[in-house]
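The block underneath contains the structure these notes are about, expressed in structure tokens.
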Amino acid sequence: MTAWAEVAAALAAFVGSHFLPSRPAVRVRLIAWLGKSGYGIAYSLVSLAILAWMIEAAGRAPFLELWPQHGLARWAPNLAMPLSLVLICTGIGLRWRWTLGAGRRAFDPLDPGIAAVTRHPLLLALILWSGSHLIANGDLAHVVLFGTFLGLSLAAIPLFDARARATIPIEIQTRVFAATALFSPRPFLNGMWLRQNAGLLPRFILALLLAAALKALHEPVIGVSPELLQ
């Protein structure tokens, strides 16, 4: 298999691994076979394995520069990744089931939690990760890699919102959507909201620790230093 064929195969595997389980008939059969918890674990492991393959395949592909890598471009991931990790750590298990990484608890408009800031935290995290790394990497293979993630993440948001509107009873849709946001920093400025959601503080701390760990491990694991170029 040539390097570019491997990139194409990895991309096809990624798209297929997300498209096929989204089909109701396939999803129901997989859950019946693996159980709900087993399905979630298997789906996560397969997704991580394919992601690792995609990154490795892009790294092995011939270097074809589309734009030069400047020092300023490295600011994008260094600034975006801490926020991306905060969104991931606070967004896993959120009480808005029409998005990636949603929990099982029913949504309460009077107590929306992190959904008041964004109802799609994991998708926004993927947009920040892929978009910032797209800027910082100007070669064709990584543009394809991060551009694919960016495009799929952007496309998923209106699809999830359409699914929510098709599911939520019409008489409460306005109230329910008014309690959430695509992204709004205003709840962070509300002291009472922060006190009501004090359980988010450990997640913020975890996100910052992960950001520091990923920065330290980026060069030995990925092979590229996240430090700003001169």
Side-chain angles (χ1 to χ4, degrees), residues 18 40 43-44 47-48 51-52 55 72-105 107-109 111-137 145-158 160-161 164 177-219 221-222 224-228:
H18 286 73
Y43 183 83
S44 299
S47 296
L48 288 172
L51 173 61
I55 293 172
L72 289 177
R74 289 291 183 97
W75 277 101
N78 280 276
L79 293 176
M81 287 310 298
L83 178 55
S84 178
L85 289 166
V86 167
L87 288 168
I88 292 171
C89 290
T90 58
I92 292 176
L94 81 165
R95 290 166 288 176
W96 179 263
R97 64 187 183 91
W98 301 279
T99 191
L100 187 67
R104 298 180 182 179
R105 294 175 60 188
F107 179 74
D108 181 359
D111 184 21
I114 195 65
V117 177
T118 174
R119 56 182 176 267
H120 301 293
L122 268 67
L123 289 172
L124 289 185
L126 283 171
I127 289 170
L128 286 171
W129 169 72
S130 57
S132 63
H133 283 77
L134 179 65
I135 294 171
N137 292 273
L145 170 66
F146 293 117
T148 298
F149 275 101
L150 181 60
L152 290 174
S153 301
L154 288 169
I157 290 177
F160 273 118
D161 281 350
F177 272 90
T180 70
L182 183 58
F183 179 78
S184 173
R186 278 186 289 179
F188 287 116
L189 306 178
N190 187 322
M192 181 172 290
W193 184 87
L194 291 174
R195 288 193 294 274
Q196 290 173 343
N197 294 275
L200 293 177
L201 181 58
R203 298 192 180 206
F204 276 101
I205 295 173
L206 175 62
L208 296 178
L209 291 174
L210 285 174
L214 286 177
K215 187 171 183 179
L217 293 172
H218 198 280
E219 186 172 12
V221 174
I222 304 298
V224 179
S225 172
E227 296 299 327
L228 303 179

Spell out, as yes or no, whether a donor-acceptor pair under 3.5 Å connects the side chain of Ser153 to the backbone of Leu150.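 Not confirmed, Ser153 side chain does not pair with Leu150 backbone.
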Give a yes or no on whether the backbone of Arg95 and the side-chain of Arg105 come within a donor-acceptor separation of less than 3.5 Å.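 Not a single qualifying donor-acceptor pair exists.
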With a 6.0 Å cut-off on the ring centroids, do Phe160 and Trp96 count as close?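 No, ring centres 6.0 Å or more apart.
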Taking the ring centre of each residue, are Phe146 and Trp129 less than 6.0 Å apart?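 Yes, the ring centres sit under 6.0 Å apart.
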Hey, does [Y] have a side-chain heavy atom less than 4.5 Å from the side chain of [X]?
X	Y	answer
Leu85	Leu214	yes
Pro112	Phe107	yes
Ile157	Ile127	yes
Thr99	Arg119	no
Leu122	Leu87	no
Pro121	Ile88	no
Val86	Pro82	no
Phe183	Leu124	yes

What distance separates His218 NE2 from Asn78 CG, expressed to the nearest 0.5 Å?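 Here the interatomic distance stands at 9.0 Å.
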Please round to the nearest 0.5 Å and tell me the distance separating atom CE of Met81 and atom CG of Leu128.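 Rounded to the nearest 0.5 Å, the CE-CG separation comes out at 8.5 Å.
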Derivation and outcome, side-chain contact (heavy atoms from CB on, under 4.5 Å), residues Ser132 and Leu79: CA-CA 9 Å; Ser132 63; Leu79 293 176; over 6 Å; no
Nearest non-hydrogen partners of Ala116 and Ala181, listed with the distance: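 Where Ala116 meets Ala181 most closely, the heavy atoms are O-CB, 3.7 Å.
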Of the non-hydrogen atoms in Ala102 and Arg97, which two are nearest, and what is the gap between them?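 Taking every non-hydrogen atom into account, CB-CA, 3.3 Å.
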In a check of side chain to side chain contact (heavy atoms under 4.5 Å, CB included) between Ile114 and each of Thr180, Thr90, Ile92, which one passes?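 With Ile114 as partner, Thr180, Thr90, Ile92 yield a single side chain to side chain contact (heavy atoms under 4.5 Å, CB included), made by Thr90.
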